[in-house]
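Accompanying notes for the structure given below.
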Amino acid sequence: MSGHSKWATIKHAKGAADAKRGQLFTKFIKEISIAARMGGGDPGSNPRLRTAMLKARAANMPKDNIERAIKKGTGELGGAIFEEKLYEGYGPGGVAILVEVLTDNNNRAAANVRNIFSKTGGNLGATGSVAYMFNRKGVIEYDAEAVSEDEVMEAALEAGAEDIVSEDGVVTVTTDPSAFESVLEALQNKGYESVSAEVAMVPDMYSAIDMETATKVQKLIDRLEEDDDVQNVYSNAEYPEGFGEE
């Protein structure tokens, strides 16, 4: 759920997917719970909950886990109340970074995020300092070796996608957030299995960085993603070719 975009430019992210699955499920549970708390437990009338459930299913999260998360959110099972926070900052090389947090302890979350930035060569910025560089978009990515680009393009455009790009072995489908659910479902119904699917903050422009800076930026992002309160991390880093490859 890092939202780096360009899945293929960070090859190790794919290899680490299974190792991070438990952590990923924890984040899905929080996201589903807060969506259910804010809009009710019926996905038919709660678009945010529908989207969160789609993402969880796309990651093969068990149905029972999803149902428990909904019940936590609606209060049927009790549990912590999570709040949403957005932190903005800069990483090594001046890369813009957005950090979405879901936490039951704002003081802990703020201290941890600030500490991670300061220890990995970054710094937190003021509210609004980098958020203007990003737009919320639906992003669905496919392994270009596993799908036909032309077929995905045809199906995606027919379902209402904004753009389809094939680059670095990845077919990326971009949608308006309101169309994310319908486009993803249409592609799933045709048998296309995505490697990632999320409503993410996508930068207007990417900032090209060298290999040394990329390593430092990725270390910052990894540390942020390992924090239990951090839900999503987005950056405008354009990684150099070959970064993350063994």
Side-chain angles (χ1 to χ4, degrees), residues 1-10 13-14 17 24 27-28 30-36 38-61 63 66 69-70 73 84 86 98 100 102 131-206 231-236 238:
M1 301 177 64
S2 58
H4 308 139
S5 190
K6 298 190 179 180
W7 161 80
T9 63
I10 309 171
K14 186 181 180 187
L24 194 61
K27 294 181 186 295
F28 283 141
K30 289 164 67 174
E31 190 170 341
I32 291 168
S33 294
I34 198 169
M38 295 177 68
D42 177 13
S45 58
N46 185 342
R48 179 171 177 174
L49 178 59
R50 283 201 306 274
T51 297
M53 290 171 66
L54 275 171
K55 288 164 63 177
R57 286 172 183 157
N60 297 314
M61 183 168 162
K63 185 179 179 182
I66 294 173
I70 293 172
E84 296 177 287
L86 179 68
L98 284 181
E100 291 181 343
L102 279 180
Y132 71 92
M133 303 180 192
F134 296 78
N135 287 302
R136 192 168 290 278
K137 296 285 185 182
V139 181
I140 310 165
E141 293 177 319
Y142 297 90
D143 184 343
E145 294 181 1
V147 300
S148 161
E149 178 189 348
D150 290 340
E151 289 178 6
V152 168
M153 180 179 294
E154 183 180 352
L157 291 175
E158 186 177 326
E162 288 184 346
D163 193 24
I164 297 91
V165 175
S166 182
E167 186 179 20
D168 299 326
V170 178
V171 178
T172 302
V173 178
T174 306
T175 77
D176 185 90
S178 63
F180 170 76
E181 176 194 342
S182 58
V183 173
L184 178 58
E185 284 190 325
L187 291 168
Q188 285 177 339
N189 289 340
K190 289 187 177 292
Y192 301 120
E193 185 177 342
S194 61
V195 293
S196 71
E198 62 181 338
V199 176
M201 296 298 288
V202 178
D204 290 328
M205 294 181 64
Y206 286 88
Q231 194 72 359
N232 296 298
V233 182
Y234 306 108
S235 86
N236 69 345
E238 181 178 327

In a table with atom names and distances, give each donor-acceptor pair under 3.5 Å that connects a side chain of residues 43-52 to protein atoms at least two apart or in another chain.
| residue | atom | partner | partner atom | Å |
| --- | --- | --- | --- | --- |
| S45 | OG | D42 | O | 3.4 |
| N46 | OD1 | R48 | N | 3.3 |
| N46 | OD1 | L49 | N | 3.1 |
| N46 | ND2 | A35 | O | 2.9 |
| N46 | ND2 | G39 | O | 3.4 |
| N46 | ND2 | G40 | O | 2.8 |
| R48 | NH1 | E84 | OE1 | 3.3 |
| R48 | NH1 | E84 | OE2 | 3.3 |
| R48 | NH2 | E84 | OE2 | 2.5 |
| R50 | NE | E181 | OE1 | 2.7 |
| R50 | NE | E181 | OE2 | 2.8 |
| R50 | NH1 | P43 | O | 2.7 |
| R50 | NH1 | G44 | O | 3.2 |
| R50 | NH2 | E181 | OE1 | 3.2 |
| T51 | OG1 | P47 | O | 3.2 |

- prompt: Is it true that K27 and E198 have a side-chain N and a carboxylate O under 4.0 angstrom from each other?
  reply: no
For the student: nearest non-hydrogen atoms of [X] and [Y], plus distance:
X: A155; Y: K190; value: CB-CD, 3.6 Å
X: A159; Y: A186; value: CB-CB, 3.7 Å
X: G138; Y: F180; value: CA-CD1, 3.7 Å
X: G160; Y: A179; value: O-CB, 4.2 Å

List for me each residue that meets side chain to side chain contact (heavy atoms under 4.5 Å, CB included) alongside [X], sequence neighbours excluded, and say none if there are none.
X: A146; result: D143
X: A56; result: F28, I32, M61, I66
X: E151; result: S148, Y192
X: A156; result: A161, I164, V173, L187

message: Checking R57 now: which residues fulfil salt bridge (Lys or Arg N to Asp or Glu O under 4.0 Å) with it, not counting sequence neighbours?
response: none
Results of salt bridge (Lys or Arg N to Asp or Glu O under 4.0 Å) for E149 - residues two or more places apart only: none
- prompt: Is the closest side-chain heavy-atom distance between M201 and N232 below 4.5 Å?
  reply: no
query: Is E162 atom CD crowded by more than 12 heavy atoms from other residues, nucleotides or ligands, each under 6.0 Å away?
result: yes
- request: State whether the side chain of K137 and the backbone N or O of V202 hold a donor-acceptor pair below 3.5 Å, judged by distance alone.
  value: no
- request: Say whether, by atom type as modelled, one donor and one acceptor occur between the side chain of S33 and the main chain of A69 under 3.5 angstrom.
  value: yes
Taking side-chain hydrogen bond (donor to acceptor under 3.5 Å, both in side chains) as the test, write out the residues that go with [X], two or more places apart.
X: D176; answer: S178
X: D204; answer: N135
X: E185; answer: none

- line: The reported gap from CZ in F134 to OG in S235 (rounded to nearest 0.5 angstrom) is 6.5 Å
